[in-house]
Amino acid sequence: MTSDRGNEPQRCLVTGATGYIGGRLVPELLAAGYRVRCLARSPEKLRDYPWAGEVEIVRGDVTEARSLAPAMRDVDVAYYLVHALTAGGGFEDTDRRAATVFGEQARLARVGRIVYLGGLTPSGVPEEELSPHLRSRAEVGRILLASGVPTTALRAAVIIGSGSASFEMLRYLTERLPVMVTPSWVSTRIQPIAVRDVLRLLVGSARMPREVNRTFDIGGPDLVTYREMMQRYAEVAKLAHRLILPVPMLTPRLSSHWIGLVTPVPRAIARPLAESLRYEVVCREHDIARYVPDGPGEPFDLDKALRLALQRVREARVTTRWSSASTPGVPSDPLPTDPDWAGGSLYTDVRRLGVDASPQALWRVVEGIGGEHGWYSFPLAWAVRGWLDRLLGGVGLRRGRRDTDRLRVGDSLDFWRVEEIEPGRLLRLRAEMRLPGLAWLEMCVEPDGRGRSRYRQRALFHPRGLLGHAYWWSVWPFHAVVFGGMARNIARTAAGVTSPEPASAAVSS
C-alpha cells in the first residue's frame, strides 16, 4: 500500500467529504493506513469532524481546473463522490463538466486511479429512456473511464445505512403509515446494499491493478421489491404488518410531493430517488469480489443492514446524514460582515437577558436546541412555518439533528444549518427554509463575572427585492412572541425552571 512515488503510504484525494458517503469514507481510509487529502468548496465545514486533524484539507471545486490541479498533486487514488443533485435543469451539464475537468486534471497529475460511486442502471432500458439522474450518473462513469486514468466505477442501487436518504425515506414511510396508498414502483425489484459494504468496496478499490478500468455492479444478497423492503423494515423495527396499496397514477413528480410531506427528505432529493425506483435495478455480475474479496458474512443481508442502521439511529450514533451535504436550492451565502456591511438592508432583532445559570448550563441548552428539544417558543408558529416550507418544496422541520446533544459546523438542524460554532460561546445558524432573502440566527453565551451568564440572541434578515422587505414587516409583529419567548424560555430552561411555553421543533421569520 505504498505510493509509486516513494515508500510513504499512498495518498487518497476525497471529493465530497462533507457528504454522506465521503464523510464516512475518510476515517475508513485512515484506518486502512492511507494518507488522506480532502477537497471542499468550504473547508470550514470539515473543521469539527473528529478526523479533521488527521487529514489535509484543501479548498477547491471539481468544476474548476485551477483549484483541482494543486489538489491532485502527488495523489495516488482520487475518489469522485460528488453529484449535482437537484431537480432543476442544467444539472446534467454541471455533472458532465465536473467529470471532464476531474478526469483531465487526474491524467495531467498522473494519478494512479480514480474511484467513482455511481448508480446502478437497469438492464435492457435504452439510456435515453432513463431518468435524467440515472442517465447523468452513467455518463459521468463513462467520462471518467475514458479519461486515460485507470478507473473503478462502482454502481449501487439503494444504499441502506443510518442517515442515508434511502433509509430515511424507507423508515419514515413505514413507521408513519400503517396503511398507505403507494406508487406502482413499490412492486419493482431492487438490490439494496449496506453502507458498510459500500465503504469496504470503496477502500478496497484503491488497491486494484493498474490494468483494471471498468464498472462493477455492487449490491447485497437480497433481491426485493420496495414493498417487501418496507415489510422487512416493519419486522426489524417490531411494527405491525403494513397494508400497502399500489396505484398506477402516482407519477415520480407526485410521488416526490408525497414523500416530501411524509418524510424528512425534501422534494428536490425525493424526486430523483422516486424516478430511479421506477426501474428494476439488480446486479448483473459480482466481479468486484475478484479484487475485493468478500469476508465471512459479507456482503450484509438486508435484515442485518436494517438492524444496524436502526440501532445507530436509536443510539444517536449517526456519523453522517443525507443532509450533511448542502440541500439543492437553499441559500449558502455567509453572514455579511457587520456593522459596516454595504450590501443593502440588513434587518435585525436583538434580545439580551441575564440568566441565573452558569455559562456551561446555558450553553448546554443552546447547543441542544432544535430537533426533539424544540425551539423554546410558540410551537404552533414554528410548526406552521415548517409545513409552509414543505409545501413550497423546502426542507421543513423534519430533518431534525444528527446528534441529540452535539453540533458541528455544517450540520443540518431542522430548516437551519450550522454556519459557525464556538463551543461554550457562539452558535450561528443559517436559514435553509424558503424565504425572499437570507436569514441567520445567532445565540451567544457570556459569563457575567458573578457565576451567572448573559444571553444574547440575534436574528438577521437580508431581504431580496420588494417581497423580502414586505415579508420582514409582515412577520415583525410576531417577533416579540417568537424571538422574545425563545430567549426567555432558553434562560428559564438553563436556570432549571420549567417553561410555561412548551418547546417544539420548528421555525422563524
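Computed from heavy atoms alone, side chains included, the values below leave out hydrogens, waters and symmetry copies.
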Looking at every heavy atom in both [X] and [Y], which two are closest together, and how far apart are they?
X	Y	answer
Val101	Glu64	CG1-C, 4.2 Å
Ala138	Thr121	CB-CG2, 4.2 Å
Arg454	Leu362	O-CD2, 4.2 Å
Cys38	Leu13	C-CD1, 4.5 Å
Gly370	Leu413	CA-CD1, 4.1 Å
Trp363	Leu426	CH2-O, 3.4 Å

Between [X] (side chain only) and [Y] (backbone N and O only), is there a donor and an acceptor less than 3.5 Å apart?
X	Y	value
Tyr79	Val26	no
Asp403	Asp405	yes
Gln457	Phe483	yes
Asp349	Ala459	no
Ser42	Lys45	no
Asn489	Gly485	yes
Ser377	Val482	yes
Ser67	Asp61	yes

Test item: [X] and [Y] side chains (from C-beta on) under 4.5 Å apart, heavy atoms:
X	Y	result
Leu310	Tyr233	yes
Trp416	Met433	yes
Ile369	Met486	yes
Tyr172	Phe167	no
Thr15	Phe102	yes
Met229	Val158	yes

Taking 4.0 angstrom as the limit, do [X] and [Y] come out as a salt bridge?
X	Y	result
Asp356	Arg452	yes
Arg135	Glu92	yes
Glu420	Arg47	yes
Glu44	Arg59	yes
Glu139	Arg96	yes

Output field: ring centroids [X]/[Y] closer than 6.0 Å:
X	Y	answer
Phe461	Tyr471	yes
Trp472	His462	no
Tyr347	His469	yes

- Asp95/Ser136 under side-chain hydrogen bond (donor to acceptor under 3.5 Å, both in side chains): CA gap, chis, key distance, verdict: CA-CA 7 Å; Asp95 273 345; Ser136 182; 2.8 Å; yes
- Task: Apply side-chain contact (heavy atoms from CB on, under 4.5 Å) to the pair Ile21 and Leu202, showing each step before the final yes or no.
- Result: CA-CA 10 Å; Ile21 293 294; Leu202 284 169; 3.7 Å; yes
- Message: Check this for me: Leu243, atom CG, are more than 12 non-hydrogen atoms of other residues, nucleotides or ligands nearer than 6.0 Å?
- Response: yes
- Residues forming a side-chain contact (heavy atoms from CB on, under 4.5 Å) with Pro359, sequence neighbours excluded: Val445, Pro447, Ser453
- Query: Which word best sums up how the rings of Tyr49 and Trp51 line up, parallel for under 30°, tilted for 30 to 60°, or perpendicular for over 60°?
  - Reply: tilted
- How long is the gap from CE on Met443 to CD1 on Ile490, to the nearest 0.5 Å? 6.0 Å
- Task: Mind running side-chain contact (heavy atoms from CB on, under 4.5 Å) on Glu419 and Val409 for me, showing each step along the way?
- Result: CA-CA 6 Å; Glu419 183 173 276; Val409 169; over 6 Å; no
